[in-house]
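As a basis for the values below, the full set of heavy atoms in this structure was taken, side chains included, without hydrogen atoms, waters or symmetry mates. Positions are given from 1, in the same order as the sequence printed here.
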Amino acid sequence: DLNVPVNENSTVPLTTSTTPAANYVNRFITDWWNTNATITAVQLHIYSAGVLVAAIQFNGTGTTKQSWFSQAMLLASPWTDLKNATNARFGSAGASNRSFFISNGTGACTDRGWLAVAGMGTCAW
């Protein structure tokens, strides 16, 4: 949920040498519309076991806390086919209780795609 800060007062999610049991959302994201900052780029880093496994960059100009995470705003990713994929679906609202996903389907647990950051929930994976 991008509407509330998550683990903002904990340094554990920010320490890449550990494997935190929770995600991190800074209050800047939750107050996206209420800031006077000019957001020109958004970087999403995905870690697994303390190792950076994916860095995805988006154009942040004129976006909201939801609209930046889209194929249209994608600037760079480790997946060379993603920018021009015809069925790519981006989501950050938590379909099947995922924090972030980029799939080529409907957002169900059986989808295939590029990214799924799972929360606690309905998908067996």
Side-chain angles (χ1 to χ4, degrees):
D1 183 1
L2 296 178
N3 293 315
V4 294
V6 176
N7 290 318
E8 187 179 51
N9 295 322
S10 173
T11 59
V12 174
L14 302 177
T15 305
T16 60
S17 61
T18 64
T19 305
N23 294 326
Y24 173 80
V25 177
N26 186 281
R27 82 176 63 234
F28 186 75
I29 299 297
T30 65
D31 292 335
W32 195 293
W33 291 323
N34 300 327
T35 65
N36 292 323
T38 301
I39 298 169
T40 58
V42 180
Q43 188 86 13
L44 176 63
H45 287 177
I46 307 296
Y47 289 87
S48 178
V51 175
L52 178 67
V53 295
I56 310 166
Q57 187 176 22
F58 297 86
N59 179 353
T61 304
T63 61
T64 67
K65 65 183 174 184
Q66 297 293 333
S67 68
W68 65 270
F69 191 67
S70 69
Q71 187 175 21
M73 302 309 282
L74 181 67
L75 295 175
S77 84
W79 306 288
T80 57
D81 62 335
L82 181 56
K83 183 65 177 165
N84 296 315
T86 57
N87 295 322
R89 182 170 180 258
F90 286 64
S92 60
S96 299
N97 208 21
R98 291 175 283 188
S99 301
F100 290 94
F101 67 90
I102 306 172
S103 71
N104 62 358
T106 61
C109 293
T110 57
D111 279 355
R112 301 234 185 265
W114 296 267
L115 173 70
V117 177
M120 297 181 63
T122 59
C123 292
W125 39 262

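Separation of atoms OG1 (Thr40) and CG (Asn59) is listed at 8.0 Å; rounding is to 0.5 Å.
Partners of Ala85 by side chain to side chain contact (heavy atoms under 4.5 Å, CB included), not counting sequence neighbours, listed by chain and number: Gln71, Ala88, Trp114. In terms of the side chain to side chain contact (heavy atoms under 4.5 Å, CB included) criterion, residue partners of Ser70 (sequence neighbours excluded) are, by chain and number, Ala72, Met73. Scanning for side-chain hydrogen bond (donor to acceptor under 3.5 Å, both in side chains) contacts around Asn84 gives an empty result, with sequence neighbours left out. In this view, Thr86 satisfies the side chain to side chain contact (heavy atoms under 4.5 Å, CB included) rule with no residue, not counting sequence neighbours. Residues passing the ring-ring contact (aromatic ring centres under 6.0 Å, His included) test with Phe90, sequence neighbours excluded: Phe69. By the side chain to side chain contact (heavy atoms under 4.5 Å, CB included) test, Ile46 pairs with Leu44, Val53, Ala54, Leu115, Val117, sequence neighbours left out. Take Gln43 and apply the side-chain hydrogen bond (donor to acceptor under 3.5 Å, both in side chains) test, not counting sequence neighbours, and it matches His45.
Counting heavy atoms from C-beta outward, Phe58 and Leu75 have side chains that stay 4.5 Å or more apart. At a threshold of 4.5 Å between non-hydrogen side-chain atoms, the residues Ile56 and Pro78 count as touching.
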